[in-house]
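Read the structure below first, then the notes.
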Protein chains: 2
Amino acid sequence: MNDKKTYSISELASEFDVTTRSIRFYEDQQLLAPARRGQTRVYSSQDRVRLKLILRGKRLGFSLAETRELFELWDETTTGSEKQLNLLLVKIAEKRAELEQQLKDIAMVQLELDSAEARCRETLNEIQQKQQTE
Amino acid sequence: MNDKKTYSISELASEFDVTTRSIRFYEDQQLLAPARRGQTRVYSSQDRVRLKLILRGKRLGFSLAETRELFELWDETTTGSEKQLNLLLVKIAEKRAELEQQLKDIAMVQLELDSAEARCRETLNEIQQKQQTE
DNA sequence: ATACAGCTTTACGTTTACGTAAACTTCCTT
DNA sequence: AAGGAAGTTTACGTAAACGTAAAGCTGTAT
């Protein structure tokens with residue numbers, strides 16, 4: 001089955017370089033639901049994967065609400081009714097479109113960085129030419 | 001030279017589907033600096049480009065502060081000192097790394113969407129099989 | 001002349017995503 | 001037994017990115 005290893009909150013926090021406060025907040029926002037041993041949170045490897053996904057979403061500028069929505073989509077892939085599932089396919093397509101827009105945006109910004117770097121190097125060259133002739 | 005056309009704040013707002021409030025806020029945060037005719041803002045085509053860049057940054061999850069930093073980098077490509085310029089190259093490299101991380105993240109999320117879609121279609125098939133045999 | 005459409009500033013309100021502090025339990029170590 | 005180290009809840013604070021009035025100026029169409 002799945003890795004049966006478990007994690008404490010601070011293990012996950014240091015592994016992913018986030019605060020425990022953040023992890024608890026994600027739980028508060030329904031993005032995580034760790035087990036408890038007494039009142040202590042015990043994270044499974046699935047929980048760990050979810051955390052990884054949350055942080056990945058953040059790097060792409062997803063809000064926590066958006067990421068939670070994605071999780072809900074995923075969860076409903078097995079349980080949903082026919083109508084639900086068709087709606088899901090639509091939402092998945094929407095997310096795809098979003099990602100492709102981001103790919104375009106990244107390509108554009110990369111071009112801008114290329115351009116900035118080129119100008120930067122030109123100016124540096126000019127400066128060094130001057131210093132040679134002085 | 002550059003397009004000498006100018007734009008009103010509401011023209012830009014409707015073109016890019018943002019509120020005038022947002023545009024003024026970007027100015028407040030030093031991301032835009034339109035000319036004035038009397039007290040009315042007059043946006044040049046360069047201003048328009050900057051706005052486009054701001055929104056592109058937003059789609060990539062950049063904060064306004066980050067985008068402003070990028071603008072400052074760009075502006076300094078002509079004026080900076082040698083030390084400045086070398087520091088700039090470092091910053092540009094950092095941004096590049098960020099973008100490449102985002103590319104990886106997007107690829108991963110795309111795989112997850114593939115997977116979700118597949119599961120979705122499977123479940124739909126099962127449902128339809130059942131309906132056939134009933 | 002007035003009305004209104006579009007611009008302006010000022011300023012308080014709101015949401016998101018946490019930070020930070022206080023006060024408490026639990027378990028281990030010295 | 002006494003004190004940390006790591007966990008917990010509760011709650012107020014904060015930065016970012018605007019939303020949302022309120023109140024006023026400004027050109028122009030009726």
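Just so you know, these numbers come straight off a predicted model, no measurement behind them. Each chain gets a letter, A, B and so on, in the order the sequences are listed, and its residues count up from 1.
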Practice task
Round to a whole Å and report the spacing from CG of B/Asp28 to P of D/dA16.
Solution key: 12 Å

Handout entry: A/Arg21 side chain, from C-beta outward: closest of C/dG19, D/dG7, D/dG24
Key = C/dG19

Practice task
Answer yes or no: is there an ion pair linking A/Glu122 with A/Arg119, defined by an N-O contact shorter than 4.0 Å?
Solution key: no

Exercise for the section: Take atom CG of A/Leu32 and atom P of D/dT8, then tell me their distance rounded to the nearest Å. Expected result: 12 Å

Practice task
In whole angstrom, give the distance that lies between atom CD of B/Gln30 and atom C1' of D/dA17.
Solution key: 16 Å

Problem - Basic-acidic side-chain contact under 4.0 Å: B/Arg36, B/Glu27 - result: yes

Problem - Options D/dG7, D/dA17, C/dA17, nucleotide nearest the side-chain atoms of B/Leu64 - result: D/dA17

Handout entry: Spacing of B/Gln29 atom CD relative to D/dC18 atom C1', expressed in whole Å
Key = 10 Å

Handout entry: Candidate nucleotides D/dA17, D/dT8, C/dC7, ranked by approach to the side chain of B/Ile9 - the nearest
Key = C/dC7

Problem - Atom-pair distance (CZ on B/Arg68; P on D/dA17), nearest Å - result: 10 Å

Fill in the blank from the handout: Taken to the nearest 0.5 Å, the spacing of B/Leu99 CG from B/Glu94 CD works out to 12.0 Å

Problem - Check ion pair A/Asp75-A/Arg50 (N to O, under 4.0 angstrom) - result: yes

Exercise for the section: For the side chain of B/Gln39, starting at C-beta, report the closest nucleotide among D/dG7, C/dT8, D/dG19. Expected result: C/dT8

Problem - Euclidean distance, atom CG of residue A/Leu31 to atom P of C/dC18 [Å, nearest integer] - result: 10 Å

Problem - Distance, rounded to the nearest Å, where A/Glu27 contributes CD and C/dC18 contributes C1' - result: 15 Å

Completion exercise
Between OH of A/Tyr26 and P of C/dG19 the distance, given in whole Å, is 8 Å

Exercise for the section: Give A/Arg37 one of three labels, base, sugar-phosphate or nothing, depending on what nucleic acid heavy atoms sit under 4.0 Å from its own. Expected result: nothing

Problem - Any A/Ser8 side-chain N or O less than 4.0 Å from OP1/OP2 of D/dA6 - result: no

Exercise for the section: Establish, with yes or no, whether the OP1 or OP2 oxygen of C/dG19 is under 4.0 angstrom from a side-chain nitrogen or oxygen of A/Thr19. Expected result: yes

Completion exercise
Among C/dT8, C/dC18, C/dA17, the one nearest any side-chain atom of B/Thr40 is C/dT8

Problem - Salt-bridge present (B/Glu112, A/Lys95; N to O < 4.0 Å) - result: no

Exercise for the section: From the options C/dC7, C/dG19, D/dC18, select the nucleotide whose nearest atom is closest to the side chain of B/Arg24. Expected result: C/dC7

Completion exercise
Of the candidates D/dT8, C/dC18, D/dC18, the side chain of A/Arg41 sits closest to D/dT8

Practice task
Examine D/dC18: is either OP1 or OP2 under 4.0 Å from a nitrogen or oxygen in the side chain of B/Lys58? Give yes or no.
Solution key: yes

Completion exercise
Per atom distances to the A/Phe25 side chain, the nearest of D/dA17, D/dT9, C/dA17 is C/dA17

